[in-house]
K.L.:
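Would you mind keeping the following structure in view while I ask a few things?
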Amino acid sequence: LLPRYCSPRHTSASVASAGMSAAASGSSASGSSSGAVEARAALEMNQPLAHFLRQEMARMAAVQRQLARHLQDVVLAITSSIQKTDELVASITEIGQGVTPSVLLEASWHCHAFGPWLDTLRRRYTQLAAWRDAGGVRPASVWLGGLFNPVGFLISVRQGVARAMRVQEDRAVALDEMALHAEVTDMYDVSEVGKGDPGHASHGGRLVAGVYLHGLVLEGASWSKSEQSLVESAPKSLTCDMPVIYVTCLTKLQKRNTTGDYGAYGAYQCPCYTYKVRSEDNFVFNIDLSSRQHRPRHWIMRGVAILCSDAS
């Protein structure tokens, strides 16, 4: 499923001239050393995510096999080539009504209508195939709702950041000491992610230390790009598309000492769920959102949450 990782190749630079100064040589060696550290850190960051990608591709292949096998059985049952079982009769009825067959929902994702379910299948496979074809190097921004196991993805991010910190800072960091930290950017278009994040570190450096997520939906409130804060929902609107969110990991001590610009009332710890059904099984993680107009309790009473998918 994935090309085997290869260690970065480092080629020694040729000597330009015998009269080159020692200071210039020292500067070149320092730059080369720094680049090698960044390359090793990026490789360490990607290794846990590569293992996660293998698991996602295996589950996607299983869904595709089941879909092909089940639809073939449905066609044979309609033409009376095979005996109609209760499961096939139910699937024929559901497909006729435009509903996703129950047997497919059990091994995949929640989506009531069969047309959107097939479209989601295509989008999920496109993301995973592009990730695989890039040699296991994750895309600039990941569609979190297109993963079978978003919690496992964030665990892999924690592992990757810990491994990258071990290379960059030359110290081991236990996973128990790591905590997720999310920042809402001002980017809505995924193509803008590759252009860097103005006002912060370079885009490449941020990718070594974390991931960008897109496709998240805010339910129960709206997000103001100008105020960078939660605001009341627009009339007759229950959901709002969130900007691209940057997720990294900090030590628990750094997390406690982090003071973001969340407004006078502080941050609202917004829960993130995979689907609209809010349960412990669907919970992913908490995201701190600015609340400049109301106290966080106001949004708690409104039931504001972020969804990876708004499919019912």
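All values reported here derive from a predicted model rather than from experimental measurement.
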K.L.:
State which residues pass salt bridge (Lys or Arg N to Asp or Glu O under 4.0 Å) with Glu94; sequence neighbours excluded, sorted by chain then number.
P.N.:
none

K.L.:
Identify the two heavy atoms, one from Leu180 and one from Cys249, that lie closest to each other, and give their separation to 0.1 Å.
P.N.:
CD2-SG, 3.6 Å

K.L.:
Would you sort out whether Arg124 and Trp143 count as a side-chain contact (heavy atoms from CB on, under 4.5 Å), showing the intermediate values?
P.N.:
CA-CA 9 Å; Arg124 282 173 174 252; Trp143 174 34; 4.0 Å; yes

K.L.:
Is a donor on one side and an acceptor on the other found under 3.5 Å between the side chain of Ser229 and the backbone of Arg292?
P.N.:
yes

K.L.:
Between Trp299 and Ser291, is any side-chain donor less than 3.5 angstrom from a side-chain acceptor?
P.N.:
yes

K.L.:
Looking at Gln66 and Leu104, would you say the former's side chain and the latter's main chain have a donor-acceptor pair under 3.5 Å?
P.N.:
no

K.L.:
Apply the side chain to side chain contact (heavy atoms under 4.5 Å, CB included) test between Met242 and each candidate in Val217, Val184, Leu307; give the one that qualifies.
P.N.:
Val184

K.L.:
Do Lys276 and His110 touch side chain to side chain, with heavy atoms closer than 4.5 Å?
P.N.:
no

K.L.:
Which atom pair, heavy atoms only, marks the closest approach of Ala77 to Lys84?
P.N.:
O-CE, 3.0 Å

K.L.:
Are Val247 and Tyr273 linked, directly or through other ILVMFWY residues, by side chains that come within less than 4.5 angstrom of each other?
P.N.:
no

K.L.:
Does a side-chain heavy-atom distance below 4.5 Å link Leu67 with Leu118?
P.N.:
yes

K.L.:
Answer yes or no: is there a donor N or O on one side and an acceptor on the other, between the side chain of Asn282 and the main chain of Val277, under 3.5 Å?
P.N.:
yes

K.L.:
To the nearest 0.5 Å, tell me how far Gln97 CD sits from His112 NE2.
P.N.:
8.0 Å

K.L.:
Can a donor-acceptor pair be found, under 3.5 Å and without considering hydrogens, that links the side chain of Tyr268 to the backbone of Val304?
P.N.:
yes

K.L.:
Find out whether Arg278 and Glu219 are in side-chain contact, i.e. whether some heavy atom of one side chain is under 4.5 Å from a heavy atom of the other.
P.N.:
yes

K.L.:
Just wondering, do Leu105 and Trp117 contact through their side chains at under 4.5 Å, heavy atoms?
P.N.:
yes

K.L.:
Taking Arg302 for the side chain and Ala221 for the main chain, is one N or O donor matched with an acceptor at less than 3.5 Å?
P.N.:
no

K.L.:
Could you measure the distance from the OG1 atom of Thr93 to the CG atom of Leu88? Nearest 0.5 Å is fine.
P.N.:
10.5 Å

K.L.:
List the atom of His70, the atom of Ser91, and the distance in Å for their closest heavy-atom pair.
P.N.:
NE2-OG, 2.7 Å

K.L.:
Is any side-chain heavy atom of Arg122 closer than 4.5 Å to one of Thr126?
P.N.:
yes

K.L.:
Step through the shown structure and confirm whether more than 12 heavy atoms of other residues, nucleotides or ligands are within 6.0 Å of CG on Leu238.
P.N.:
no

K.L.:
A quick test of your reading: do over 12 heavy atoms of other residues, nucleotides or ligands sit less than 6.0 Å from CD of Gln269?
P.N.:
no

K.L.:
Could you tell me whether the side chain of Leu147 reaches within less than 4.5 Å of the side chain of Val142, counting heavy atoms only?
P.N.:
yes

K.L.:
With side-chain contact (heavy atoms from CB on, under 4.5 Å) as the test, would you mind laying out the steps for Val75 and Leu71 before giving the verdict?
P.N.:
CA-CA 6 Å; Val75 172; Leu71 292 183; 5.6 Å; no

K.L.:
Go through the side-chain N and O atoms of Ser191 and Asp189 and say whether any donor and acceptor fall under 3.5 Å apart.
P.N.:
yes

K.L.:
Give a yes or no answer on whether the side chain of Ser222 reaches the backbone of Cys240 with a donor-acceptor pair at less than 3.5 Å.
P.N.:
no

K.L.:
Dump the intermediate steps for side-chain contact (heavy atoms from CB on, under 4.5 Å) on Leu121 and Trp109, then the final yes or no.
P.N.:
CA-CA 9 Å; Leu121 172 67; Trp109 48 89; 3.7 Å; yes

K.L.:
Just to verify, which of Cys272, Pro271, Cys270 counts as forming a side chain to side chain contact (heavy atoms under 4.5 Å, CB included) with Asn286?
P.N.:
Pro271

K.L.:
Determine, using the 4.5 Å side-chain heavy-atom cutoff (strictly less than), whether Leu230 and Tyr188 are members of one ILVMFWY cluster.
P.N.:
yes

K.L.:
I'd like to know if the side chain of Thr100 and the backbone of Ala113 have a donor-acceptor N/O pair within less than 3.5 Å.
P.N.:
yes

K.L.:
Is the shortest heavy-atom distance from the side chain of Leu289 to the side chain of Ile306 under 4.5 Å?
P.N.:
yes

K.L.:
Tell me the closest heavy-atom pair linking Ser156 and Leu49, and the distance in Å.
P.N.:
CB-CD2, 3.6 Å

K.L.:
When rounded to the nearest 0.5 angstrom, what is the spacing between CH2 in Trp223 and CG in Asp186?
P.N.:
11.0 Å

K.L.:
Parallel, tilted or perpendicular: which describes the rings of Trp131 and Phe153, with under 30° parallel and over 60° perpendicular?
P.N.:
perpendicular

K.L.:
Can you measure from CD (Gln228) to OG1 (Thr185) and round to the nearest 0.5 angstrom?
P.N.:
8.0 Å

K.L.:
Please step through side-chain contact (heavy atoms from CB on, under 4.5 Å) for the pair Asn149 and Phe52, ending with a clear verdict.
P.N.:
CA-CA 9 Å; Asn149 185 13; Phe52 171 82; 4.2 Å; yes

K.L.:
To check you understand the geometry: which heavy-atom pair defines the closest contact between Pro296 and Ala267, and what is its length?
P.N.:
CG-O, 3.6 Å

K.L.:
Would you compute the distance between atom CE of Met187 and atom OH of Tyr246 and round it to the nearest 0.5 angstrom?
P.N.:
10.5 Å

K.L.:
Please say yes or no: joined through hydrophobic side-chain contacts below 4.5 Å, possibly via intermediate residues, are Phe283 and Tyr275 part of one cluster?
P.N.:
no

K.L.:
Assigning hydrophobic clusters by single linkage (Ile, Leu, Val, Met, Phe, Trp, Tyr; side-chain heavy-atom cutoff under 4.5 Å), is Val89 placed with Leu76?
P.N.:
no

K.L.:
Hey, could you give me the CG/CG distance between Leu216 and Leu144, rounded to the nearest 0.5 Å?
P.N.:
6.0 Å

K.L.:
If every non-hydrogen atom of His294 is compared with every non-hydrogen atom of Tyr265, which pair is closest and at what distance?
P.N.:
O-CD1, 3.4 Å

K.L.:
Side chains of Phe148 and Met60: closer than 4.5 Å at any heavy-atom pair?
P.N.:
yes

K.L.:
Are Gln293 and His298 close enough, and set up right, to give a side-chain hydrogen bond (donor to acceptor under 3.5 Å, both in side chains), and what steps lead you there?
P.N.:
CA-CA 10 Å; Gln293 297 182 359; His298 175 82; over 6 Å; no

